Amino acid sequence: MKRLYLVGGPMGVGKTTVCRELQRRLNRSVFLDGDWCWDANPFQVTEETKAMVTENICFLLNSFLRCSAYDHVIFCWVLHRQDILDGLLSRLDLGDCEVRAVSLIASPKALTARIEADVRAGRRDGGALERSLSYLPLYGALDTEKLDVSHLTPAEAAARLEGCL
């Protein structure tokens with residue numbers, strides 16, 4: 001049986017780092033970061049680009065799910081609304097697949113520290129903190145497991161994700 005890990009969370013919480021660590025821990029695994037399907041300059045959010053990125057993500061995830069080389073498919077993206085999560089799931093071929101949807105969350109203090117470090121390092125723009133903190137409360141309403149990573153290393157968070165199933 002395949003396992004699909006859907007990992008959401010606000011910008012800067014550590015989704016990519018945790019999922020990379022999970023990929024290292026899981027043999028026969030593949031990882032897709034949703035941001036890779038929407039890496040454009042300039043970044044534009046329109047109905048057309050939103051439809052395109054969803055189509056790209058679903059195409060890749062379905063390809064991974066059908067491929068016999070992989071037992072574990074790991075996907076991360078902001079996933080801050082239930083309709084986004086449900087829309088993706090409705091387009092995936094989930095036969096013989098166990099799905100685990102997890103939202104990584106952190107305290108506002110921990111999230112602020114992480115994003116400020118990213119801004120100082122030039123990995124994020126100055127508006128990232130406000131955007132990320134505004135998304136944080138949205139995860140409470142989602143039908144996902146919540147994993148507070150405020151005081152966890154990426155390895156500890158990945159170990160908890162691995163133990164979820």
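Quick caveat: nothing in here was measured; it's all calculated off a predicted structure.
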field: Considering all heavy atoms, the nearest A157-V149 contact
entry: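 Result for this residue pair: CB-CG1, 3.9 Å.
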task: Heavy atoms only: give me the nearest L85-A101 pair and the separation to one decimal.
output: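 Smallest heavy-atom distance, with atoms named: CD2-CB, 4.3 Å.
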Heavy-atom neighbours of [X] [atom1] exceed 12 at 6.0 Å:
X: D143; atom1: CG; value: no
X: Y135; atom1: OH; value: no
X: E55; atom1: CD; value: no
X: N27; atom1: CG; value: no

How many angstroms lie between [atom1] in [X] and [atom2] in [Y], if you round to the nearest 0.5 Å?
X: L111; Y: M11; atom1: CG; atom2: CE; result: 8.5 Å
X: L61; Y: L88; atom1: CG; atom2: CG; result: 7.5 Å
X: E98; Y: Y5; atom1: CD; atom2: OH; result: 8.5 Å
X: S107; Y: L136; atom1: OG; atom2: CG; result: 8.5 Å

Is it true that a side-chain atom of [X] and a backbone atom of [Y] form a donor plus acceptor pair closer than 3.5 Å?
X: S29; Y: Q23; result: yes
X: S103; Y: K146; result: no
X: S63; Y: F59; result: yes
X: R3; Y: I74; result: no
X: N62; Y: D93; result: yes

message: Tell me every residue that passes ring-ring contact (aromatic ring centres under 6.0 Å, His included) with Y139, counting only those two or more places apart in sequence or in another chain.
response: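 Partners of Y139 by the ring-ring contact (aromatic ring centres under 6.0 Å, His included) criterion come out as none, since no residue qualifies.
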field: Heavy-atom check, side chain of L94 versus side chain of L65, under 4.5 Å
entry: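 Touching, per the 4.5 Å side-chain cut-off.
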- request: Look at the aromatic rings of Y70 and F64 and report parallel, tilted or perpendicular, splitting at 30° and 60°.
  value: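 The rings of Y70 and F64 stand perpendicular, inter-plane angle above 60°.
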- prompt: Do we see a donor-acceptor contact under 3.5 Å between the side chains of T17 and K15?
  reply: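 Side-chain D/A pair, T17 to K15: absent.
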- prompt: Do D86 and R91 meet the salt-bridge criterion of a basic N to acidic O distance under 4.0 Å?
  reply: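 Result for this pair is no, no salt bridge flagged.
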task: For R25, enumerate each residue passing the side-chain contact (heavy atoms from CB on, under 4.5 Å) test, keeping only those at least two apart in sequence or located in another chain.
output: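 Only E21, A158, A159, E162 meet the side-chain contact (heavy atoms from CB on, under 4.5 Å) criterion with R25.
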